[in-house]
Chemist: 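Let me give you the structure first, and then I'll get to my questions.
This structure is a prediction, so every number in the text was calculated from the model and none was measured. Below, all heavy atoms of this structure are taken into account, side chains as well, without hydrogens, waters or symmetry copies. Both ligands and their constituent atoms are indexed starting at 1 by order of listing.
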Amino acid sequence: MRRVVVTGLGAITPLGVGIRRTWTRLLAGDCGIVSVANFEPSARWKELPSTVAGMVPRGRKEDGGWQASDWVEKGEERRMANFTQYAIAATEMALADSGWRPHRQQDKEMTGVCLGSGIGNLEELYNTSIAYQKTGYKKVSPLFVPQLLINLGAGHISMKYGLQGPNHAVTTACTTGAHAIGDASRFIAFGDADVMIAGGSESCIHPLALAGFSRSRSLVTSYNDDPHAASRPFDRDRNGFVIAEGAGVVILEELEHAKARGADIYAEVRGYGCSGDAHHITAPREDGAGALLAMKRALKHANIRPKEVDYINAHATSTPLGDAAENAAIKTLMLGEEGVEHESQVAVSSTKGAVGHLLGAAGAVEAIFSVLAITENAMPPTLNLRNADSGFGCNYVPLSSQEKDVNISVSNSFGFGGTNASLVFSKYN
Ligand SMILES: *[C@@H]1O[C@H](CO)[C@@H](O)[C@H](O)[C@H]1NC(C)=O
Ligand SMILES: *[C@@H]1O[C@H](CO)[C@@H](O)[C@H](O)[C@H]1NC(C)=O
Ligand SMILES: *[C@@H]1O[C@H](CO)[C@@H](O)[C@H](O)[C@H]1NC(C)=O
Ligand SMILES: *[C@@H]1O[C@H](CO)[C@@H](O)[C@H](O)[C@H]1NC(C)=O
């Protein structure tokens with residue numbers, strides 16, 4: 001089987017634009033969650049039960065801020081959904097980081113894109129619906145459909161760089177980013193491509209999205225006055241997730257291809273496992289059976305024993321049920337393993353305390369954190385974990401980052417509809 005390695009990273013998160021900025025702030029224990037209570041139109045925002053969100057900071061590139069004009073040509077901005085603009089920017093960063101710029105036809109044919117979004121362009125749909133209702137046919141823009149389709153993120157990236165390899169867009173709610181990276185690694189392993197741009201992007205901090213997630217009783221409601229405390233995975237006082245936006249993109253590459261051009265290798269993609277809960281539209285199975293199956297399959301694919309895993313980046317979104325189900329799954333996976341006598345030996349953190357839940361981008365951004373844990377031998381913290389819930393006895397890296405030799409990391413992602421995926425990364429020696 002052809003081996004797949006990671007040779008480039010790019011991200012835009014509530015902690016800032018760029019990998020270095022995000023990672024440094026993440027390890028420092030910073031939080032990117034803010035209040036949206038005073039956004040316009042105020043009548044719509046103020047009535048929401050949840051008014052906190054992980055927003056990408058706006059501002060100059062030099063200050064780690066987002067400004068579309070830094071990344072997208074003037075005429076293009078209007079043609080691209082916000083999630084596509086984030087994806088374009090994260091891709092440019094990841095390609096620059098990896099040094100891969102295909103110019104020859106054969107290289108363009110062997111470079112592909114696998115990038116999805118969970119929700120896509122809700123705002124365009126909303127605005128157009130209102131204009132259509134009021135004024136009719138003439139108000140529908142010729143760009144309406146291409147603005148709406150989720151695969152146009154991958155499409156725009158391929159057009160910008162002339163990439164003619166597989167062009168694919170996963171949309172599996174909050175598992176999107178992980179599925180995109182896992183599927184892309186298979187395209188390389190099976191010989192469909194030598195290089196894949198893979199990840200997820202999301203930009204739907206819109207009152208209608210918050211209204212919907214509030215109605216499904218998924219969002220945090222108790223910390224509107226204290227945004228930094230709102231996302232608290234594994235904590236006794238957690239009460240829902242914080243919606244967030246951003247993008248994560250990795251460059252995946254066939255090992256010999258990367259070696260031949262002298263690329264720096266961050267880590268190897270060793271395993272990918274998927275499962276379905278077959279249970280409920282939004283709630284997990286209490287015993288975490290779906291999550292357990294995904295992790296087991298990913299480790300089997302990697303040919304790695306659970307006890308060899310040094311760090312798990314949990315999906316844990318700070319919801320009462322979800323965190324408990326995943327915790328149960330991790331305990332079932334790790335305990336009983338020879339050499340793991342006590343759950344305190346298991347290191348797992350959820351970076352959602354710092355960035356919130358990036359929905360379709362979460363799996364990609366968290367895969368990047370799991371890769372950086374390996375290259376930097378550091379585990380990012382779980383913010384706001386002041387009182388671990390009962391039955392929660394692992395090392396959740398509470399409040400402050402920890403140094404550790406991380407050779408193997410696992411990144412979990414779970415989504416509405418009961419879809420679960422795990423990725424396994426290892427140090428490349
Ligand atoms: C949707 O309409 C609002 C209010 O008119 C406007 O501020 C926003 O920019 C529009 N969004 C898009 C994507 O056109
Ligand atoms: C999309 O981008 C436009 C232009 O920057 C902005 O006005 C709008 O609020 C953004 N929409 C969302 C959902 O972030
Ligand atoms: C990580 O790998 C290195 C080199 O293979 C090895 O020396 C070290 O013991 C490993 N660390 C852990 C925590 O397994
Ligand atoms: C698998 O996906 C479901 C669907 O949302 C998620 O809620 C759940 O946490 C995952 N499964 C388990 C048992 O953890």
Chemist: Run down the list V56, N127, L208, N82 and name the one with the heavy atom closest to atom 10 (C) of ligand 2.
Modeler: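 The nearest heavy atom belongs to N82.
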Chemist: Any side-chain heavy atom of T13 sitting closer than 4.5 Å to one from V56?
Modeler: no
Chemist: Can you list the ligand 2 atoms lying under 4.0 Å from a non-hydrogen atom of E123?
Modeler: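 Numbered from 1, ligand 2 contributes 8 (C), 9 (O), 10 (C), 11 (N), 12 (C), 13 (C).
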Chemist: Does the protein put any heavy atom within less than 4.0 Å of atom 1 (C) of ligand 3?
Modeler: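 Given the 4.0 Å cut-off, atom 1 (C) of ligand 3 counts as touching protein heavy atoms.
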Chemist: Considering the heavy atoms of D405, write down every atom of ligand 3 situated less than 4.0 Å from one of them.
Modeler: 13 (C)
Chemist: Indicate, as side chain, backbone, both or neither, the part of D310 found under 4.0 angstrom from ligand 3 when only non-hydrogen atoms are considered.
Modeler: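 Just the side chain.
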Chemist: Please indicate, with yes or no, if any protein heavy atom is found under 4.0 Å from atom 7 (O) of ligand 1?
Modeler: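 It does not: no protein heavy atom is found less than 4.0 Å away from atom 7 (O) of ligand 1.
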Chemist: So K427 and N377, side chain to side chain donor-acceptor pair (under 3.5 Å) or not? Walk me through it.
Modeler: CA-CA 10 Å; K427 235 174 211 139; N377 291 312; 2.7 Å; yes
Chemist: Using a strict threshold of under 4.0 Å (side-chain N to carboxylate O), is an ion pair present between K160 and E76?
Modeler: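 K160 and E76: not salt-bridged.
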Chemist: Looking at W66, does the NZ or CZ of K61 lie under 6.0 angstrom from its six-membered ring centre and within 45 degrees of the ring axis?
Modeler: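 No - K61 does not lie over the ring of W66 by the 6.0 Å and 45° rule.
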Chemist: Looking at F241 versus F213, is the centre-to-centre ring distance below 6.0 Å?
Modeler: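 Yes.
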Chemist: Tell me, please: is S203 in heavy-atom contact with ligand 2, that is, under 4.0 Å?
Modeler: yes
Chemist: Please report the closest heavy-atom contact between R386 and D235, naming both atoms and the distance.
Modeler: N-OD1, 2.9 Å
Chemist: Report the relative orientation of the aromatic rings in F369 and W23; use parallel for angles under 30°, tilted for 30 to 60°, perpendicular for over 60°.
Modeler: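 The rings of F369 and W23 sit tilted, inter-plane angle from 30° to 60°.
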Chemist: Just need the protein heavy atom nearest to atom 5 (O) of ligand 3, so name the residue and atom and give the distance.
Modeler: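 Closest protein heavy atom to atom 5 (O) of ligand 3: N429 ND2, 4.1 Å.
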Chemist: Looking only at protein heavy atoms, identify the closest one to atom 9 (O) of ligand 3 and say how far it is in Å.
Modeler: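 Looking at atom 9 (O) of ligand 3, the protein heavy atom closest to it is N407 ND2, 4.8 Å.
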